[in-house]
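We're numbering straight along the sequence, starting at 1. Basis for what follows: all heavy atoms, side chains included, without hydrogens, waters or symmetry-related copies.
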Amino acid sequence: MTKLIAVINVIAWAGFWAFGYLALTAESFSETQVVTAALLASAGLITGIIAYLRLVRGSERSGYAKPSNRMTRDQRDAAQAQWGQIE
């Protein structure tokens, strides 16, 4: 499944750059073509970001990548309580 998400990620980013370039540099295209290219570029951007975040989450779960430094709710509440006592 990870390989499929990685392939989707590459295709999405390639679509974003290709259609984004077409949308930004279009001189002889009609307005409909420019809007279509911009919509395809935005779809590639959104899909690429989602696929990338899924890959990162999967690599953290598998132990391949170091998990990000996140606090649990209890840790955050304890830190907030200590900070409030300092003042």
Would you say CZ of Arg57 has more than 12 non-hydrogen atoms from neighbouring residues, nucleotides or ligands within 6.0 angstrom? no
Using 0.5 Å steps for rounding, measure from the CE atom of Met1 to the CG atom of Leu55. 10.5 Å
Looking at OG1 of Thr47 and CG of Leu40, how far apart are the two atoms once the value is rounded to the nearest 0.5 Å? 10.5 Å
Report all side-chain donor-acceptor pairs from residues 22-39 shorter than 3.5 Å, counting only partners two or more places apart or in another chain.
residue : atom : partner : partner atom : Å
Thr25   : OG1  : Tyr21   : O            : 2.7
Ser30   : OG   : Gln33   : N            : 3.4
Gln33   : OE1  : Ser30   : N            : 3.0
Thr36   : OG1  : Thr32   : O            : 2.8

Do Leu53 and Phe16 sit in the same hydrophobic cluster, where Ile, Leu, Val, Met, Phe, Trp and Tyr count as joined when their side-chain heavy atoms come under 4.5 Å apart? yes
Heavy-atom closest contact (Ile5 atom, Ala51 atom, distance): CG2-O, 3.6 Å
Indicate, with yes or no, if Val10 and Val7 share a hydrophobic cluster defined by side-chain heavy-atom contacts under 4.5 Å among Ile, Leu, Val, Met, Phe, Trp and Tyr. no
Is there a path of hydrophobic side-chain contacts, each under 4.5 Å between heavy atoms, that joins Trp17 and Ile11? no
Please lay out, stage by stage, how Leu45 and Trp13 fare under the test side-chain contact (heavy atoms from CB on, under 4.5 Å). CA-CA 6 Å; Leu45 175 69; Trp13 283 113; 3.6 Å; yes
